[in-house]
Amino acid sequence: GGRGSMARLRMTYELGQKFGSDAFLTCHAQAVIDHLNRVNPEHFAKEIEWFKTKQFENDLPGKNFFSSIDSYSVSKNYKILSSQFFIEVVCETDEYQTQRFTDKVAKPLASGKPFLLLHGPGSLRNLRELGFVTFCDFIDESYDDCVIPAQRTRKIIQSLTQLYCDPNRQEIINNMYRWASHNAEIYQKVTTYIGHDGTPCNEFPRNSLCLPVFGCLGLLQGWGSFP
């Protein structure tokens with residue numbers, strides 16, 4: 001789940017432009033179109049036209065750009081959703097934050113799924129300091145040094161393009177999955193669920209709320225079979 005932002009909109013658009021039908025994208029398109037028309041329709045003419053014609057793979061569509069979806073339902077359906085792509089591009093709540101991590105990155109961590117992260121500079125480093133693993137042995141993670149979200153987006157696209165064009169990409173992806181399995185183990189050790197009343201509990205709090213994904217970005221459904 002998450003609030004809409006221009007950084008997430010840009011990431012959605014750039015992934016769609018670069019990878020076409022090999023990018024699994026979810027988005028509340030009409031809400032985005034309305035937002036861009038209010039901001040500057042002339043400047044965003046190409047983006048508006050693309051969002052009008054793109055068929056998105058919506059998982060749990062909400063009412064609008066800023067509507068709410070129960071986070072338990074989102075997490076419960078994540079396994080079904082994530083089985084349709086190989087690598088997730090996580091767009092965190094605040095693109096400038098470096099240490100606050102939400103359910104957006106928690107889902108691939110807990111499920112052992114490879115990911116790239118649109119978040120603040122050094123956020124991958126901070127995850128590693130918490131004990132999690134990232135994927136610098138397999139892909140270019142120099143995007144973690146970028147301060148501006150637009151720069152980070154470009155570097156993420158470049159990193160994915162290198163992997164996409166690699167003749168050994170399936171072997172690389174298989175190795176990424178083996179490496180990512182460590183995160184699922186670590187997540188169970190370091191995580192304490194906090195209930196709605198602020199007290200620890202033994203399972204994901206069913207009564208908590210989060211905002212819908214815009215977009216939950218996964219790559220790439222056309223890359224072959226899962227390891």
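Computation of the quantities below employed the complete heavy-atom set of this structure, encompassing side-chain atoms and omitting hydrogens, waters and symmetry-equivalent molecules. Residue indices begin at 1 and follow the sequence shown. No experiment lies behind these values; they were computed from the predicted model shown.
Looking only at side-chain heavy atoms (C-beta outward), Phe132 and Leu109 come within less than 4.5 Å of each other. Counting only heavy atoms from C-beta outward, the side chains of Phe56 and Thr26 never approach each other to under 4.5 Å. Residues Ile173 and Phe138 are not in side-chain contact: their nearest non-hydrogen atoms beyond the backbone lie 4.5 Å or more apart. Looking only at side-chain heavy atoms (C-beta outward), Asp140 and Phe135 stay at 4.5 Å or farther from each other. Here the side chains of Pro41 and Leu36 are not in contact, with every heavy-atom distance at 4.5 Å or above. Between His28 and Val32, the closest side-chain pair of non-hydrogen atoms is not below 4.5 Å. Contact of the Asn37 side chain with the His35 side chain is not registered, since no non-hydrogen atoms from C-beta on lie closer than 4.5 Å. Between Leu15 and Leu160 there is a side-chain heavy-atom pair separated by less than 4.5 Å.
Between Trp179 and His182, the ring-plane angle classifies as perpendicular under the 30° and 60° cut-offs. Below 30°, between 30° and 60°, or above 60°: for Phe85 and Phe24 the angle between ring planes is between 30° and 60°, a tilted geometry. Ring-plane geometry between Phe86 and Tyr177 is classed as perpendicular, the angle between the planes exceeding 60 degrees on a 0 to 90 degree scale with a lower cut at 30.
Within the 3.5 Å criterion, the main-chain N or O of Glu171 finds no donor-acceptor partner in the side chain of Asn168. The main-chain N or O of Gly112 is never found under 3.5 Å from a side-chain atom of Asn183 such that the two would form a donor-acceptor pair. Distance alone, capped at 3.5 Å, is enough to place a donor-acceptor pair between the Asn126 side chain and the Thr98 backbone.
The CD1 atom of Ile157 sits 5.5 Å away from the CE atom of Met11 when rounded to the nearest 0.5 Å. Rounded to the nearest 0.5 Å, atoms OG1 (Thr153) and CG (Leu9) are 10.5 Å apart. Separation of atoms NE2 (His43) and CD1 (Ile48) is listed at 10.5 Å; rounding is to 0.5 Å. Interatomic distance, Leu127 CG to Asp144 CG, rounded to the nearest 0.5 Å: 8.5 Å. Rounding to the nearest 0.5 Å places CE of Met176 at 9.0 Å from CZ of Phe115. The distance from atom CZ of Phe51 to atom CG of Leu25, rounded to the nearest 0.5 Å, is 8.5 Å.
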List the steps, then state whether ring pair (Phe, Tyr, Trp, His ring centres under 6.0 Å) holds for His119 with Tyr96.
-> CA-CA 6 Å; His119 204 19; Tyr96 294 94; 9.9 Å; no

Cys91 and Lys104: CA distance, side-chain angles, deciding distance, side-chain contact (heavy atoms from CB on, under 4.5 Å) verdict = CA-CA 7 Å; Cys91 297; Lys104 299 169 190 63; over 6 Å; no

Evaluate the side-chain contact (heavy atoms from CB on, under 4.5 Å) criterion for residues Ile156 and Arg154: first the C-alpha distance (whole Å), next the side-chain angles of each, then the deciding distance (0.1 Å), finally the verdict.
-> CA-CA 5 Å; Ile156 286 174; Arg154 285 194 293 271; over 6 Å; no

May I have the step-by-step check of side-chain contact (heavy atoms from CB on, under 4.5 Å) for Glu47 and Arg10, ending in yes or no?
-> CA-CA 9 Å; Glu47 289 82 352; Arg10 177 55 56 189; 2.8 Å; yes

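Linking ILVMFWY residues whenever their side-chain heavy atoms come closer than 4.5 Å, directly or via other members, places Met6 and Trp50 in the same cluster. Transitive grouping of hydrophobic side chains (ILVMFWY, heavy atoms separated by less than 4.5 Å) keeps Ile148 and Leu124 in distinct clusters.
Listed by chain and number, the residues in a salt bridge (charged side-chain N to carboxylate O under 4.0 Å, His left out) with Glu92 amount to none (sequence neighbours excluded).
Using a 3.5 Å distance cut-off with no hydrogens or angles, the side chains of Ser82 and Lys107 do not pair a donor with an acceptor. Between the side chains of Gln97 and Ser123, no donor N or O sits under 3.5 Å from an acceptor N or O. Checked by atom type, the side-chain pair Gln162/Asp166 shows no donor-acceptor distance below 3.5 Å.
Of all the heavy atoms in Arg100 and Thr102, the pair that sits closest is NH1-CG2, 3.4 Å. Nearest heavy atom pair, residue Ser159 against residue Leu116, reads OG-CD2, 4.1 Å. The two residues Pro114 and Ala180 come nearest to each other via the heavy atoms N-CB, 3.9 Å. In this structure, Leu117 and Phe101 approach most closely via the heavy-atom pair CD2-CE2, 4.1 Å. The minimum heavy-atom distance linking Ala7 with Leu118 is given by the pair O-CD2, 4.0 Å. When all heavy atoms of Ala110 and Ala184 are compared, the closest pair comes out as O-CB, 3.4 Å.
Looking at Asp34 and Arg38, no side-chain N of the basic residue comes within less than 4.0 Å of a carboxylate O on the acidic one, giving no salt bridge. The pair Glu14-Lys18 fails the salt-bridge criterion, with no side-chain N (NZ, NE, NH1 or NH2) lying under 4.0 Å from an Asp/Glu carboxylate O.
The environment of Glu129 atom CD is dense: over 12 non-hydrogen atoms of other residues, nucleotides or ligands sit within 6.0 angstrom.
Considering Arg152, Arg128, Arg125 as possible partners of Glu141, the one that fulfils the salt bridge (Lys or Arg N to Asp or Glu O under 4.0 Å) test is Arg128.
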